[in-house]
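See below for the structure under consideration.
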Amino acid sequence: MFSIITNIHEMGPLLGDLSISDIVGFDVETSGLDWITCKLYTIQLYLNDNTYVVDCLKFGPIKYLMELLSAKKLVGHNIKYDTKVMLAKTGVLVPDVYDTMLAEVLCYQGIGKKFYSLQELVDKYCGVTLDKEVRKSFYELGDLTELTQEQLMYAAHDVQYLHVIRDQQIIMLESQKQMRVLDLEMRLVPVVAEMENTGILLNIERWRELMGTALQEAQSTSELLKNLIFDRINYSAYATMFDLYTALSIPVKTKRDKEALQKLPCSFNYVAQLRRDLNLSSPKQLQSVFKVLGINLESTGEKILKEYQGEDELIKYLLLYREYNKKASSFGESFLEKVHQVTGRIHSEFNQLMADTGRFSSSNPNMQQIVRDSDYRHCFIASPGYVMVTCDYSQQELRLAGAITGEEKFIEAYLNNIDMHTLTASVIYDVPLDEVTREQRQIAKGYNFAVLYGSTEYGLAYNFQMPIEHARDLLDKFYKGYPRLAEFKNLMEDGIQARKYSSTPLGRKRFFEDKKFFSDSWKMNNYFNSMRRQGFNHLIQGAGADITKLALVKIHEENPFGDGLRIIMPVHDEIVCEVSADIAEKGRDFIVKCMCDVFQPFLGRIPAEASSSIELTWSK
DNA sequence: CATGAAAGCGCC
DNA sequence: AAAGGGCGCTTTCATG
């Protein structure tokens with residue numbers, strides 16, 4: 001049965017169905033994708049085999065309806081969006097949802113797509129082809145004041161298949177032993193919805209200042225660089241200016257320009273135009289510049305440039321230019337455009353399952369890659385009356401590595417407050433703890449991470465600029481010094497290679513393509529080695545993601561402070577919240593306790609630890 | 001002119 | 001042959 005609801009008196013049948021149904025298919029149609037400014041057209045519900053379309057242009061008590069629905073499990077496709085719309089329009093955050101889009105990603109994490117459309121899933125699970133043409137009419141015709149019968153009928157289609165899709169997905173996820181992960185991800189949806197809706201406040205004036213400085217520094221460094229370059233070119237080595245343009249890989253766009261340049265003899269006198277045309281952001285041109293100056297670079301990446309730093313002072317300024325230019329472009333005007341016109345806040349997107357490891361990704365803007373420079377981070381400020389509470393796990397992944405592998409030396413170190421990087425240094429350099437030098441500790445820190453990432457001796461030699469024999473020797477000592485870790489890592493990787501998936505302690509899976517045929521043996525080796533690296537890394541990184549997500553859910557669900565505590569964002573092993581200033585310490589203690597409480601069960605004897613700060617701004 | 005890949009680099 | 005895991009953003013460059 002299909003019915004349209006335009007006023008409260010038409011709700012009778014719906015109320016009847018609600019009294020006997022716990023699970024409701026749910027979808028909304030709006031005028032656009034911005035959940036804050038969009039107009040809500042319809043709410044579609046599917047329950048007890050009946051479809052209801054609420055015409056929100058006519059129906060008044062939407063908040064009342066949402067309160068009724070808050071007692072149910074709402075099933076939707078990308079339901080984070082619908083959740084945000086309802087939160088923004090009614091203030092009601094539906095607490096219990098199931099998202100068919102996210103669940104599908106979980107089923108095929110690593111080998112599947114990042115997004116599945118509803119059409120795809122309806123086709124796959126129900127064998128039905130959905131027509132999506134009418135949907136466009138909702139947001140392509142501008143501001144609608146009345147909905148046509150066709151539009152209302154269309155809106156009804158989407159919600160009818162959600163139950164079936166969910167049932168099938170649950171069968172799959174049960175067989176994969178991912179039910180705890182499914183539960184976690186679904187409980188996380190309202191948390192993320194609320195977080196995105198909350199957004200974060202930016203100190204725009206200060207940001208503008210930093211922007212200006214970066215722009216200026218980029219400009220002056222660019223001039224300096226060009227001086228250095230064009231003072232040193234041997235102009236007599238080229239017949240015409242065109243030859244020099246070619247040598248520098250500077251594109252000459254038009255035929256006219258080309259002919260003009262070919263007529264000009266090569267000379268410093270004509271350098272003005274050349275200066276303007278040289279693009280320091282072009283790797284291709286830069287590489288040619290160095291070649292002309294007598295330095296052959298494999299690439300112009302930072303790693304290579306640092307290798308050649310001693311050979312030319314140009315490189316020092318180029319690296320500086322890159323730094324300033326990065327700040328000016330990525331953290332300049334474009335960032336300010338992300339400030340929402342209506343709320344005045346930045347509402348980044350946080351995607352729960354974009355990363356194959358289960359980590360969050362962030363975009364529009366990416367809050368997880370803001371420069372770790374206090375000047376910039378201090379631009380993100382707490383709302384009036386609030387303080388910013390920044391909490392991060394101390395060595396989340398290293399602790400997990402110790403606990404998961406059961407490496408006794410890790411455990412002892414954490415129990416006795418011994419710095420892990422110093423310990424590793426003492427292990428690989430075979431010196432007592434109190435004789436470890438700063439350099440040794442620095443290298444050891446790299447080794448600790450390198451092992452989690454599955455680095456080879458080649459990679460280590462390359463990254464630390466040391467002979468391969470040395471790198472191999474240190475790696476040998478690492479594994480000899482941490483025998484349990486070495487043994488367990490190998491064992492886990494064998495299992496991953498055999499099963500073609502890896503699993504975190506919570507049960508989160510990352511699947512790998514099951515290739516059986518290879519054209520040659522190095523391709524086969526590459527495939528297996530890569531799978532072992534990614535798989536072991538998933539085990540650790542994914543476990544870290546599980547824990548941060550568990551903490552977010554716990555903070556949200558057990559929050560005793562109401563609007564006095566708002567989650568702002570996760571940054572992998574860090575959680576940033578706004579807390580009402582009068583309960584700052586209590587709020588901080590609560591957050592830290594939640595974080596440690598969810599971490600400890602995964603750590604055995606290793607203690608969970610999180611550090612925190614209370615400031616008016618984001619800090620680190 | 002549009003689109004997508006690659007380079008480079010920011011973060012954990 | 002490549003040479004440490006996971007991302008997103010900006011710019012350049014090649015292709016259609």
Side-chain angles (χ1 to χ4, degrees), chain A residues 109-110 114 214 249-251 253 279-287 297-305 318-319 321-335 337-338 348-373 376-377 392-393 395-398 401 446-464 468 471-472 475 502 510 519-527 529-545 548 569-575 620:
Chain A
Q109 187 77 282
K114 311 282 182 178
S249 305
I250 301 174
K253 288 192 185 76
N279 183 350
L280 294 175
S281 299
S282 158
K284 195 177 170 190
Q285 293 179 39
L286 273 180
Q287 200 158 7
L297 296 177
E298 299 89 307
S299 87
T300 66
E302 196 176 75
K303 191 85 202 103
I304 301 289
L305 284 179
L318 179 56
L319 289 169
Y321 168 76
R322 288 247 173 93
E323 186 189 329
Y324 299 141
N325 198 42
K326 178 85 180 176
K327 283 181 175 169
S329 58
S330 287
F331 304 107
E333 191 66 44
S334 60
F335 205 91
E337 286 166 12
K338 307 294 182 187
S348 285
E349 276 178 59
F350 291 90
N351 193 318
Q352 296 172 227
L353 290 175
M354 184 71 92
D356 289 339
T357 52
R359 272 188 174 186
F360 272 104
S361 76
S362 163
S363 58
N364 298 311
N366 182 352
M367 286 302 296
Q368 300 186 143
Q369 65 175 159
I370 305 295
V371 275
R372 217 168 165 292
D373 174 337
Y376 280 84
R377 299 230 166 170
D392 68 298
Y393 283 115
Q395 299 186 335
Q396 188 190 49
E397 291 186 2
L398 264 187
Y447 267 70
N448 278 336
F449 286 107
V451 167
L452 298 185
Y453 298 158
S455 183
T456 62
E457 63 229 41
Y458 296 94
L460 287 161
Y462 177 73
N463 278 302
F464 291 109
I468 183 152
R472 183 184 305 139
L475 202 58
S502 109
R510 174 176 179 167
S519 52
D520 48 73
S521 67
W522 72 258
K523 273 189 179 163
M524 187 177 74
N525 272 329
N526 234 0
Y527 164 74
N529 287 337
S530 160
M531 188 190 306
R532 292 171 78 96
R533 267 202 309 278
Q534 292 177 337
F536 184 75
N537 181 256
H538 167 261
L539 175 60
I540 306 293
Q541 198 180 102
T548 301
M569 60 179 171
V571 189
H572 307 306
D573 62 350
E574 170 187 346
I575 296 174
K620 235 208 164 171

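Per chain, numbering begins at 1; letters A, B, ... match sequence-line order.
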Next item on the list: Report yes if a side-chain nitrogen or oxygen of A:Arg372 is closer than 4.0 Å to either non-bridging phosphate oxygen (OP1 or OP2) of B:dC11; otherwise report no.
Entry: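 For B:dC11, neither OP1 nor OP2 has a side-chain N or O of A:Arg372 closer than 4.0 Å.
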Notebook entry, point to check: Any side-chain N or O of A:Lys284 less than 4.0 Å from the OP1 or OP2 oxygen of C:dA14?
Noted result: yes
Notebook entry, point to check: Who is the Watson-Crick or G-U wobble partner of C:dT10, with both distances under 3.5 Å?
Noted result: B:dA7
Next item on the list: Provide the Watson-Crick or G-U wobble partner of C:dG4, both distances under 3.5 Å; none if there is no partner.
Entry: none
Atom [atom1] of [X] and atom [atom2] of [N]: how far apart are they, to the nearest Å?
X        : N      : atom1 : atom2 : answer
A:Gln287 : C:dT12 : CD    : P     : 16 Å
A:Asp520 : C:dA1  : CG    : C1'   : 9 Å
A:Asn525 : C:dA3  : CG    : P     : 15 Å
A:Asp392 : B:dC12 : CG    : C1'   : 10 Å
A:Ile304 : B:dA7  : CD1   : C1'   : 13 Å
A:Phe350 : B:dC11 : CZ    : C1'   : 13 Å
A:Trp522 : C:dA2  : CH2   : C1'   : 8 Å
A:Tyr376 : B:dG10 : OH    : P     : 12 Å

Categorize [X] for me: base, sugar-phosphate, or nothing, with a 4.0 angstrom heavy-atom threshold over every strand shown.
X        : value
A:Lys327 : nothing
A:Ile540 : nothing
A:Glu302 : sugar-phosphate

Margin query: Minimum heavy-atom separation for A:Ser348 and A:Met367, please, with both atom names.
Written below: OG-CG, 3.1 Å
Notebook entry, point to check: Can you name the closest pair of heavy atoms from A:Gly110 and A:Arg510 and give their distance?
Noted result: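 Closest pair (atom of A:Gly110, atom of A:Arg510, distance): CA-CG, 4.4 Å.
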Notebook entry, point to check: Looking only at atom C1', what distance separates C:dG4 and B:dA5, rounded to whole Å?
Noted result: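 Approximately 23 Å lies between the C1' atom of C:dG4 and that of B:dA5.
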Note to self: Work out how far the P atom of C:dA2 is from that of B:dA7, and round it to whole angstrom.
What the structure shows: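 C:dA2 and B:dA7 have their P atoms separated by 12 Å.
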Check: Does a salt bridge link A:Arg359 with A:Asp573, judged by any charged N lying under 4.0 Å from a carboxylate O?
Finding: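 Between A:Asp573 and A:Arg359 there is no salt bridge, as every charged N stays at least 4.0 Å from the carboxylate O atoms.
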Next item on the list: Return the orientation label for the A:Phe464 and A:Tyr447 ring planes: parallel under 30°, perpendicular over 60°, tilted otherwise.
Entry: parallel
Next item on the list: Answer yes or no: does atom NZ of A:Lys523 have more than 12 heavy-atom neighbours from other residues, nucleotides or ligands under 6.0 Å?
Entry: no
Check: Would you say A:Leu475 and A:Arg472 make side-chain contact, with heavy atoms under 4.5 Å?
Finding: no
Item checked: Contact pattern, 5' to 3', of nucleotides 4-11 of chain C - B, S or - by protein heavy atom under 4.0 Å -> BBBSBSSS
Next item on the list: Would you please test A:Thr357 and A:His538 for side-chain hydrogen bond (donor to acceptor under 3.5 Å, both in side chains) and show each step?
Entry: CA-CA 5 Å; A:Thr357 52; A:His538 167 261; over 6 Å; no
